[in-house]
Chemist: 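Mind looking over this structure? Questions follow.
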Amino acid sequence: MPEENLKEDQVESNIESLLETVSDAEVNSRISFEEFTDERALISSDTFKKKHMKIKVLEVSDENPVSKWKFGDRVKITKILVTIKHLATQQVEEAEFDIEAIELEMSEKRHYSSVNRWIPVEDIKNGYVVGSMHTRLISDAAALDYIIF
């Protein structure tokens with residue numbers, strides 16, 4: 001019984017020492033609950049759940065949206081960084097895409113473009129695009145076989 005009390009005292013002293021080491025600057029630098037973004041919201045998976053994809057926004061256009069009152073605040077994305085992780089091998093692939101150039105190439109070659117580069121501001125979290133918007137951004141690149149996902 002004395003050994004259990006000794007272990008409990010050691011655990012409590014360890015917890016107290018850990019709490020004491022946290023400085024005020026670190027406490028104030030923490031993000032609030034509203035700013036927190038779950039990593040799973042930023043990832044999209046392929047059909048067989050063998051790959052994960054994340055898209056980081058590298059460049060946005062300074063063009064004003066056509067009708068802000070109807071669609072809300074949106075930004076036109078021009079460049080993205082696509083990161084694909086193969087879950088079986090843990091291999092990571094990264095590629096930078098100029099969506100504007102791909103859109104022009106698609107309209108020249110196929111006389112059609114399916115990409116919609118206008119993304120709501122709420123769907124960009126910490127510089128990454130929410131997973132539900134990934135298909136909108138990479139549809140032309142996938143059609144031209146620049147990306148296989």
Side-chain angles (χ1 to χ4, degrees), residues 10-149:
Q10 287 176 346
V11 170
E12 286 179 20
S13 66
N14 286 341
I15 291 172
E16 289 174 9
S17 65
L18 288 174
L19 292 175
E20 290 172 5
T21 59
V22 177
S23 68
D24 291 335
E26 290 176 0
V27 172
N28 293 334
S29 69
R30 292 182 183 167
I31 60 173
S32 68
F33 181 74
E34 292 81 23
E35 296 171 334
F36 175 74
T37 303
D38 190 8
E39 186 75 15
R40 293 175 291 181
L42 305 176
I43 295 174
S44 60
S45 299
D46 68 334
T47 306
F48 300 110
K49 305 281 190 224
K50 293 184 178 185
K51 300 177 190 175
H52 281 170
M53 177 172 51
K54 275 177 85 171
I55 297 179
K56 183 176 178 89
V57 177
L58 296 179
E59 189 176 304
V60 294
S61 174
D62 57 352
E63 188 177 334
N64 290 326
V66 182
S67 55
K68 184 178 175 180
W69 63 270
K70 188 174 185 179
F71 300 110
D73 281 338
R74 299 178 301 156
V75 292
K76 190 173 189 179
I77 297 177
T78 55
K79 287 187 181 180
I80 58 173
L81 178 70
V82 177
T83 306
I84 296 177
K85 181 178 182 180
H86 299 267
L87 298 177
T89 61
Q90 297 298 314
Q91 178 187 3
V92 176
E93 298 177 55
E94 282 189 333
E96 184 176 320
F97 290 100
D98 186 352
I99 301 177
E100 192 170 19
I102 291 173
E103 183 179 19
L104 290 173
E105 182 182 348
M106 182 73 168
S107 61
E108 288 173 4
K109 287 185 176 180
R110 310 263 171 88
H111 305 291
Y112 174 76
S113 178
S114 61
V115 80
N116 184 359
R117 297 184 290 136
W118 288 100
I119 303 293
V121 175
E122 301 86 36
D123 290 340
I124 299 174
K125 308 282 185 183
N126 300 333
Y128 288 91
V129 179
V130 173
S132 60
M133 294 290 158
H134 288 178
T135 331
R136 290 175 88 172
L137 293 173
I138 66 161
S139 58
D140 283 351
L144 293 171
D145 292 329
Y146 287 134
I147 185 171
I148 299 171
F149 186 70

Chemist: Minimum heavy-atom separation for S44 to G131, with atom names?
Modeler: CB-O, 4.0 Å

Chemist: Please evaluate residues Q91 and K85 with respect to the criterion side-chain hydrogen bond (donor to acceptor under 3.5 Å, both in side chains), reporting the C-alpha separation (whole Å), side-chain torsions for both, the decisive distance (0.1 Å), and the verdict.
Modeler: CA-CA 6 Å; Q91 178 187 3; K85 181 178 182 180; over 6 Å; no

Chemist: In the structure I gave you, are the side-chain heavy atoms of I84 and I147 within less than 4.5 Å of one another anywhere?
Modeler: yes

Chemist: Kindly indicate whether the side chain of V92, heavy atoms from C-beta on, has any atom under 4.5 Å from the side chain of T83.
Modeler: yes

Chemist: Closer than 3.5 angstrom, by distance alone: can the side chain of H134 be matched with the main-chain N or O of V129 as a donor-acceptor pair?
Modeler: yes

Chemist: Between I55 and I77, is any pair of side-chain heavy atoms under 4.5 Å apart?
Modeler: no

Chemist: So, for S45 and H52, which heavy atoms are closest and what is the spacing to 0.1 Å?
Modeler: OG-CD2, 3.1 Å

Chemist: Report yes if the side chains of D140 and R110 come closer than 4.5 Å at any heavy-atom pair, otherwise no.
Modeler: no

Chemist: Restricting to non-hydrogen atoms, name the atom on S107 and the atom on L104 that form the minimum distance, rounded to 0.1 Å.
Modeler: OG-O, 2.9 Å

Chemist: From the options I102, L58, L81, select the one residue that forms a side chain to side chain contact (heavy atoms under 4.5 Å, CB included) with F97.
Modeler: I102

Chemist: Ignoring hydrogens, what is the shortest heavy-atom contact between K51 and I148? Give both atom names and the distance.
Modeler: NZ-O, 3.6 Å

Chemist: Rounded to the nearest 0.5 Å, what's the gap from CG on L42 to CG on D123? Could you check?
Modeler: 10.5 Å

Chemist: For the pair T78 (side chain) and E100 (backbone), establish whether a donor and an acceptor sit closer than 3.5 Å, ignoring hydrogens and angles.
Modeler: no

Chemist: Looking only at atom types and distance, does a side-chain atom of K49 sit under 3.5 Å from a main-chain N or O of D46, one as donor and one as acceptor?
Modeler: no

Chemist: Between E63 and W118, which heavy-atom pair has the shortest distance, and what is it?
Modeler: O-CH2, 3.6 Å

Chemist: Distance check, rounded to the nearest 0.5 Å: T89 atom OG1 versus L87 atom CG?
Modeler: 8.5 Å

Chemist: With sequence neighbours left out, what residues match K54 under side chain to side chain donor-acceptor pair (under 3.5 Å)?
Modeler: E39

Chemist: For a quick test of reading the model, state the closest non-hydrogen atom pair linking R117 to L137 and the distance between them.
Modeler: CA-CD2, 4.2 Å

Chemist: Can you tell me how far CD1 of I99 sits from NZ of K76, rounded to the nearest 0.5 angstrom?
Modeler: 11.0 Å

Chemist: State, yes or no, whether a side-chain contact exists between I119 and V57 at a heavy-atom distance under 4.5 Å.
Modeler: no

